[in-house]
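Here is the structure we will look at, set down as structure tokens.
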Amino acid sequence: MVRFKNRYVLCEVVSEDPRCRQCIEDRAVGLAVRDAIGRVHGDYGLACCSISFTVKYLNAYTGTVLLRCRKDSYRLLCSALPFVRQLESRNQRYPCFLSTLHVGGTIRTCQKFLIQYNRRQLLTLLQNCTNEEERLCIQKSLLSCSLTEEEAQSGDEEDDDGIE
């Protein structure tokens, strides 16, 4: 049995419209990327990339997309990504583009890169704060993003229902 090697392309959806990130679906991203490959590389490029092309991960809140393709055709995929100009979801078109962040051999290497990338983005965000109030607001919003706090809040609601 032969093992087929893949490449994972980590991308970010960049858009001026904040609704774009919340409304995207993995199917819409896949169709937009396939369309761009077909426009740029024709039928040959589309056939090469479509063999094992899938959207492995999509985070609509952060706009992070992880695409998988064969090792032989990842250059065709990467060269077509800048030509994605819009995503269509729920019969609406959102102008945006895909920015390639990292190309890796495994999902784990892409995850490690994404953690480091987010840390750098956070440091840049904190350095660009103009006053201490903005810095405290950002730190407070980060600290409120934990799962334990959500579980505690949902547990409090259940206790309130039992008392009434």
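- Taking CZ from R85 and CZ from R93, the interatomic distance works out to 13.0 Å, rounded to the nearest 0.5 Å.
- Two different hydrophobic clusters hold I37 and F83 under the rule that ILVMFWY side chains link at heavy-atom gaps under 4.5 Å.
- There is no path of hydrophobic side-chain contacts, each under 4.5 Å, that joins V13 to Y8.
- Using a 4.5 Å heavy-atom cutoff, the side chains of L10 and F113 are in contact.
- Residues L114 and T64 have side chains in contact (heavy-atom distance under 4.5 Å, counting atoms from C-beta outward).
- Across C23 and Y94, no two heavy atoms sit closer than the pair SG-OH, 3.6 Å.
- Taken to the nearest 0.5 Å, the CD1 atom of I24 stands 6.0 Å off from the CG atom of L87.
- I51 and A47 make their closest contact through CG1-O, 3.4 Å (heavy atoms, listed as atom of the first residue, atom of the second, distance).
- Residue pairs meeting the side chain to side chain donor-acceptor pair (under 3.5 Å) criterion with at least one member in residues 110-119, sequence neighbours excluded, are E12-Y117.
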Legend entry - Worked verdict on V33 versus L98 for side chain to side chain contact (heavy atoms under 4.5 Å, CB included): CA-CA 9 Å; V33 171; L98 295 176; 3.8 Å; yes
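- Applying the salt bridge (charged side-chain N to carboxylate O under 4.0 Å, His left out) test to residues at least two apart or on different chains, none of the pairs has a partner in residues 46-69.
- Between V9 and L66, the closest side-chain pair of non-hydrogen atoms is not below 4.5 Å.
- Between C11 and L101 there is no side-chain heavy-atom pair separated by less than 4.5 Å.
- Taking each heavy atom of R7 and G105 in turn, the nearest pair found is NH1-CA, 3.5 Å.
- Counting only heavy atoms from C-beta outward, the side chains of R135 and L126 approach each other to under 4.5 Å.
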Legend entry - From CA spacing to verdict: side chain to side chain contact (heavy atoms under 4.5 Å, CB included), C49, S73: CA-CA 6 Å; C49 291; S73 60; 4.1 Å; yes
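- Here the straight-line distance linking atom CG of L58 with atom CZ of R27 works out to 13.5 Å at 0.5 Å rounding.
- For the pair F97 and V84, the minimum side-chain heavy-atom distance is 4.5 Å or more.
- The two residues G104 and T109 make their nearest non-hydrogen contact at CA-OG1, 3.8 Å.
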Inset, instruction - Apply the test side chain to side chain contact (heavy atoms under 4.5 Å, CB included) to residues V65 and L67: give CA-CA distance (whole Å), side-chain angles for both, the deciding distance (0.1 Å), then the verdict. - result: CA-CA 6 Å; V65 180; L67 306 171; 3.6 Å; yes
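- In this structure the side chain of S52 never reaches within 4.5 angstrom of the side chain of F4, judged on heavy atoms.
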Legend entry - Stepwise side chain to side chain contact (heavy atoms under 4.5 Å, CB included) check, N6 with C69: CA-CA 6 Å; N6 295 314; C69 68; over 6 Å; no
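- Side-chain contact between D26 and V29 is absent, with no heavy atoms from C-beta onward closer than 4.5 Å.
- Shortest non-hydrogen contact noted between A36 and A80 is CB-O, 3.6 Å.
- A donor-acceptor pair under 3.5 Å links the side-chain atoms of S15 to the main chain of P95, judged by distance alone.
- Residue pairs that meet the side chain to side chain donor-acceptor pair (under 3.5 Å) test with at least one member in residues 28-45, sequence neighbours left out, are D35-R39, H41-S79.
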